[in-house]
Peer 1: 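Pasting a structure here, questions to come.
Whatever order the structure lists them in is the order used to number ligands and atoms, beginning at 1. Keep in mind that this is a model prediction, so the values were computed, not measured.
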Amino acid sequence: MAPPQTLPISQLGKDGPRVPRLGFGLMGLSIAYGPVPSEQDRLALLDHAWSLGATFWDTAQMYGDSEELVGKWFRLHPERRSDIFLATKFAIRSTVSAASPSSGPARISWTIDSSPEECRTACAESLQRLGTDYIDLYYVHRFDKTTPVEKTVEAMVELKEQGKIRHLGFSECSSSTLRRGYAVHPITAVQIEYHPWALEIESDAGTNLLATCRELGVAVVSYSPLGRGALTGRFKSLTDLDPTDLRTQLPRFHQDNFSQNLRLVQVIEEIAASKTLPASSSSQITSTQVTPAQLTLAWLLSQGPDIFPIPGTKSPHYLEQNLGALKVTITPDEDARIRAVIKELGGAAGYRTIGLTDSYSDTPPL
Ligand SMILES: NC(=O)c1ccc[n+]([C@@H]2O[C@H](COP(=O)([O-])OP(=O)(O)OC[C@H]3O[C@@H](n4cnc5c(N)ncnc54)[C@H](OP(=O)(O)O)[C@@H]3O)[C@@H](O)[C@H]2O)c1
């Protein structure tokens with residue numbers, strides 16, 4: 001049985017499949033943002049997402065037990081495997097030290113390996129954990145500094161020829177890496193952080209990656225589209241974060257930076273407060289006033305049909321609310337107001353990830 005509801009869909013990349021315009025990021029269901037719900041609740045959330053038509057799921061080898069969780073769900077509902085457009089990623093092996101109120105946030109350390117050998121090994125392991133025999137979209141999560149991108153793509157093409165993966169994706173690549181990889185085999189999607197706090201993709205700071213994706217016909221999958229939750233307006237102070245929350249380690253959430261970054265959140269809140277959802281909206285949406293989360297996602301969707309945000313949540317309520325963004329229209333004036341305040345602030349303060357060196361990565365020559 002197909003999901004009872006469907007979302008608006010769009011083609012992922014110029015030759016890619018048609019997928020829901022909004023994806024569902026599964027990282028926070030397993031790691032990073034404080035305590036996670038019980039397995040029963042997490043499986044119920046996956047059920048709920050499926051029933052709402054939110055069937056473009058994003059996981060990764062490095063997201064704790066995320067792939068195992070999806071695998072359990074597939075085993076419970078084997079007939080639903082083909083309803084899900086499943087993306088996962090390889091090339092980061094992580095070790096997570098446990099979080100606790102006394103020792104603070106979980107510490108994640110990782111190694112990056114985008115070699116052909118790791119690509120083959122990691123894919124076999126992911127398929128095993130996921131309990132499926134194919135991955136719809138397989139991303140290089142990060143590029144190491146020793147493997148030419150052509151070699152990584154050749155290994156991915158082998159996996160595709162074996163029927164283990166269906167589409168190829170990159171995450172955090174430079175324009176040059178994308179062009180070189182694309183010359184070996186078309187890349188369907190690039191996953192990168194993109195939202196009003198992270199606009200590097202639009203400029204030299206992000207190697208003009210958005211323009212390169214558009215030239216080649218590669219979709220842009222916007223990760224952390226809610227600014228890791230901050231653009232929802234939910235966090236007014238850093239004390240709102242659980243002490244075990246990974247965000248406490250991110251520069252954008254350091255005290256001085258956070259105070260400045262909240263100014264953009266305030267503008268998003270003001271614009272959201274002035275808008276209501278259209279009357280025809282689904283009964284699943286409890287509030288008729290547009291929320292800051294919806295406004296942020298709608299802003300991203302309004303940047304073009306090639307942008308696919310993948311917000312994450314542990315909550316059925318937020319999941320439903322975020323899907324409401326598909327009904328929100330952003331006017332040119334609202335876009336201009338958001339961009340004006342970003343310009344006035346000089347962008348968000350503090351780098352967006354813990355490590356600078358793995359973003360918009362180049363790889364060595366072949
Ligand atoms: N390629 C990469 O390197 C990379 C890096 C990071 C993330 N990702 C992918 O992107 C996905 C999404 O990113 P993300 O989870 O980092 O950040 P995000 O989607 O920007 O934000 C998630 C946070 O926002 C909160 N939230 C969600 N909807 C909300 C709403 N309507 N109102 C209030 N709060 C709301 C969530 O809270 P609750 O959890 O409490 O519901 C969570 O704390 C991940 O799951 C992962 O699949 C990829």
Side-chain angles (χ1 to χ4, degrees), residues 22-37 41-42 45 48-49 54 56-64 66-67 69-70 86-92 94 108 110 112 137-143 169-173 189-198 220-236 240-242 244-248 250 252-253 265 268-269 272 285-287 290-298 300 308-325 328 352-355 358-361:
L22 267 185
F24 181 26
L26 303 184
M27 180 180 78
L29 267 185
S30 290
I31 58 164
Y33 303 145
V36 297
D41 286 350
R42 294 188 295 160
L45 187 65
H48 195 48
F56 175 3
W57 292 2
D58 189 83
T59 180
Q61 171 194 34
M62 75 159 291
Y63 296 165
S66 181
E67 289 186 331
L69 184 74
V70 174
L86 179 68
T88 190
K89 321 182 189 81
F90 77 98
I92 310 183
S94 61
I108 302 183
W110 60 80
I112 298 176
L137 174 59
Y138 201 39
Y139 289 103
V140 188
H141 205 161
R142 292 290 185 278
F143 290 90
F170 287 174
S171 175
E172 290 286 359
C173 60
V190 160
Q191 186 169 136
I192 199 92
E193 189 167 355
Y194 184 27
H195 53 73
W197 268 13
V220 172
V221 173
S222 149
Y223 82 67
S224 302
L226 298 169
R228 299 184 185 259
L231 296 168
T232 68
R234 179 170 152 198
F235 306 120
K236 302 296 180 207
D240 293 336
L241 291 174
D242 187 280
T244 65
D245 194 309
L246 185 77
R247 284 171 288 208
T248 58
L250 296 176
R252 294 228 162 137
F253 290 82
V265 180
I268 287 173
E269 286 175 319
I285 297 158
T286 50
S287 164
V290 171
T291 67
Q294 289 170 334
L295 190 96
T296 302
L297 296 172
L300 271 169
F308 295 77
I310 51 166
T313 182
K314 304 173 203 169
S315 139
H317 170 64
Y318 290 157
L319 176 68
E320 290 168 16
Q321 188 192 106
N322 293 345
L323 296 180
V328 177
R352 62 189 171 84
T353 64
I354 299 172
D358 305 324
S359 302
Y360 292 100
S361 288

Peer 1: Who's the nearest protein heavy-atom neighbour of atom 41 (O) of ligand 1, and how far?
Peer 2: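 Nearest protein contact, heavy atoms only, for atom 41 (O) of ligand 1 is T313 OG1, 2.4 Å.
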Peer 1: Tell me whether S222 contacts the main-chain N or O of Y194 through its side chain, where contact means a donor paired with an acceptor under 3.5 Å.
Peer 2: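 Such a contact is found between S222 side chain and Y194 backbone.
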Peer 1: R234: heavy atom below 4.0 Å from ligand 1, yes or no?
Peer 2: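 The answer is yes, since R234 has a heavy atom less than 4.0 Å from ligand 1.
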Peer 1: Considering only the protein, which heavy-atom contact is closest to atom 15 (O) of ligand 1, and what is its distance?
Peer 2: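 The answer is Y33 CE1, 3.4 Å.
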Peer 1: Any idea which heavy atoms bring L45 and S315 closest together, and the distance?
Peer 2: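 The answer is CD1-C, 3.8 Å.
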Peer 1: To the nearest 0.5 angstrom, please state how far the CZ atom of F308 sits from the CG atom of D58.
Peer 2: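 Going from the CZ atom of F308 to the CG atom of D58 covers 13.0 Å.
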Peer 1: If you have a sec, work out which protein heavy atom is nearest atom 44 (C) of ligand 1 and how many Å separate them, to one decimal?
Peer 2: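 Ranked first by proximity to atom 44 (C) of ligand 1 is M27 CB, 3.6 Å.
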Peer 1: Evaluate the criterion salt bridge (Lys or Arg N to Asp or Glu O under 4.0 Å) for residue pair E172 and K89; output intermediate values, then yes/no.
Peer 2: CA-CA 12 Å; E172 290 286 359; K89 321 182 189 81; over 6 Å; no
Peer 1: Compare all side-chain heavy atoms of T296 with those of P225 and state whether any distance is below 4.5 angstrom.
Peer 2: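 No, their side chains stay 4.5 Å or more apart.
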Peer 1: Below 4.0 angstrom from a heavy atom of P311, which ligand 1 atoms are there? Numbered from 1 as shown, please.
Peer 2: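 Once the distances to P311 are compared, the set is 19 (O).
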Peer 1: How far is atom 8 (N) of ligand 1 from its nearest protein heavy atom, and which residue and atom is that?
Peer 2: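 Of every protein heavy atom, Y63 OH, 3.4 Å lies nearest to atom 8 (N) of ligand 1.
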Peer 1: Could I get the full list of side-chain contact (heavy atoms from CB on, under 4.5 Å) partners for A189, not counting sequence neighbours?
Peer 2: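 If we apply the side-chain contact (heavy atoms from CB on, under 4.5 Å) test to A189, skipping adjacent residues, the hits are L12, L137, Y139, A219, V221.
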Peer 1: Where is the nearest protein heavy atom to atom 28 (N) of ligand 1: which residue, which atom, and how far?
Peer 2: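 Looking only at protein heavy atoms, the one closest to atom 28 (N) of ligand 1 is N322 ND2, 3.0 Å.
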Peer 1: Examine the proximity of ligand 1 to Q321 and report which part, side chain or backbone, both or neither, has a heavy atom under 4.0 Å away.
Peer 2: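 For Q321, only side-chain atoms sit under 4.0 Å from ligand 1.
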Peer 1: Which atoms of ligand 1 are found less than 4.0 Å from any heavy atom of R142?
Peer 2: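 Close to R142: 2 (C), 3 (O).
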Peer 1: Decide whether the shortest distance between a heavy atom of Q294 and an atom of ligand 1 is less than 4.0 Å.
Peer 2: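 No, Q294 has no heavy atom closer than 4.0 Å to ligand 1.
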Peer 1: Which one holds for T232 and ligand 1: side chain close, backbone close, both close, or neither close, with close meaning a heavy atom under 4.0 Å?
Peer 2: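 Only the side chain of T232 comes within reach of ligand 1.
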Peer 1: Which atoms of ligand 1 sit under 4.0 Å from any heavy atom of K314?
Peer 2: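 Going through ligand 1 atom by atom, the ones under 4.0 Å from K314 are 38 (P), 39 (O), 41 (O).
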Peer 1: H141 heavy atoms, cut-off 4.0 Å: which ligand 1 atoms fall inside?
Peer 2: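 Taking each heavy atom of H141 in turn, ligand 1 has 1 (N), 2 (C), 3 (O) under 4.0 Å.
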Peer 1: Considering only heavy atoms, which of R247, M62, E320, R228 lies nearest to atom 43 (O) of ligand 1?
Peer 2: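 Going through R247, M62, E320, R228 one by one, R247 has the nearest heavy atom to atom 43 (O) of ligand 1.
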Peer 1: Could you name the option among G229, S30, A60 that has the heavy atom nearest to atom 21 (O) of ligand 1?
Peer 2: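 Shortest heavy-atom distance from atom 21 (O) of ligand 1: G229.
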Peer 1: What do we get for S171 next to ligand 1 when only non-hydrogen atoms under 4.0 Å count, side chain, backbone, both or neither?
Peer 2: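 S171 to ligand 1: side-chain contact only, backbone stays beyond 4.0 Å.
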Peer 1: Please name the pair of heavy atoms, one in H48 and one in P316, separated by the smallest distance, quoted to 0.1 Å.
Peer 2: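 It is CD2-CB, 3.8 Å.
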Peer 1: Using the test ring-ring contact (aromatic ring centres under 6.0 Å, His included), find all partners of H141 that sit at least two apart in sequence or belong to another chain.
Peer 2: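 Here the qualifying residues are Y63.
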Peer 1: So, the side chain of E67 versus the backbone of T59: is there a donor-acceptor pair under 3.5 Å, distance only?
Peer 2: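 No; judged by distance alone, with no hydrogens or angles, the pair does not exist.
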Peer 1: List every atom of ligand 1 that sits less than 4.0 Å from any heavy atom of Q191, numbering the atoms from 1 in the order shown and giving each element.
Peer 2: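 Counting atoms of ligand 1 from 1, those under 4.0 Å from Q191 are 1 (N), 2 (C), 4 (C), 8 (N), 9 (C), 48 (C).
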Peer 1: Tell me, which protein residue and heavy-atom name are nearest atom 19 (O) of ligand 1, and how many Å apart are they?
Peer 2: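 Scanning the protein heavy atoms, the shortest distance from atom 19 (O) of ligand 1 goes to G312 N, 2.8 Å.
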Peer 1: Looking only at protein heavy atoms, identify the closest one to atom 20 (O) of ligand 1 and say how far it is in Å.
Peer 2: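 In this structure, atom 20 (O) of ligand 1 has L226 N, 2.7 Å as its nearest protein heavy atom.
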Peer 1: Going by the order shown, which atoms of ligand 1 are within less than 4.0 Å of some heavy atom of D58?
Peer 2: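 Answer for ligand 1: 9 (C), 46 (C), 47 (O).
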Peer 1: Over all heavy atoms of both residues, which pair between S224 and H195 is shortest? Give the atoms and the distance, please.
Peer 2: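 Looking at all heavy atoms of both residues, the shortest contact is O-CD2, 2.9 Å.
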Peer 1: In ligand 1, which numbered atoms sit nearer than 4.0 Å to a non-hydrogen atom of A293?
Peer 2: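 Those qualifying, in numeric order: 30 (C), 31 (N).
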Peer 1: Starting from atom 17 (O) of ligand 1, locate the nearest protein heavy atom and write down its residue, its atom name and how far away it is, to 0.1 Å.
Peer 2: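 The answer is S224 CA, 3.4 Å.
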Peer 1: Quick one: does any side-chain atom of K314 pair with a main-chain N or O of P35 as donor and acceptor, under 3.5 Å?
Peer 2: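 Side chain of K314 to backbone of P35: a pair is present.
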Peer 1: Heavy atom under 4.0 Å from ligand 1: found in H317's side chain, backbone, both, or neither?
Peer 2: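 Neither part.
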Peer 1: Please answer whether the main-chain N or O of V36 pairs with a side-chain N or O of R42 as donor and acceptor at a distance below 3.5 Å.
Peer 2: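 Checked: no pair found.
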Peer 1: Is there a donor-acceptor pair under 3.5 Å between the side chain of R247 and the backbone N or O of R228?
Peer 2: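 Yes; judged by distance alone, with no hydrogens or angles, the pair exists.
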Peer 1: Is it true that a side-chain atom of S66 and a backbone atom of M27 form a donor plus acceptor pair closer than 3.5 Å?
Peer 2: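 Side chain of S66 to backbone of M27: no pair is present.
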Peer 1: When you measure from atom 6 (C) of ligand 1 to each heavy atom in W197, W57, F170, Y223, which option holds the nearest one?
Peer 2: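 Heavy atom nearest to atom 6 (C) of ligand 1 belongs to Y223.
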Peer 1: Provide the number and element of each atom of ligand 1 under 4.0 Å from a heavy atom of L26.
Peer 2: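 Taking each heavy atom of L26 in turn, ligand 1 has 45 (O), 47 (O) under 4.0 Å.
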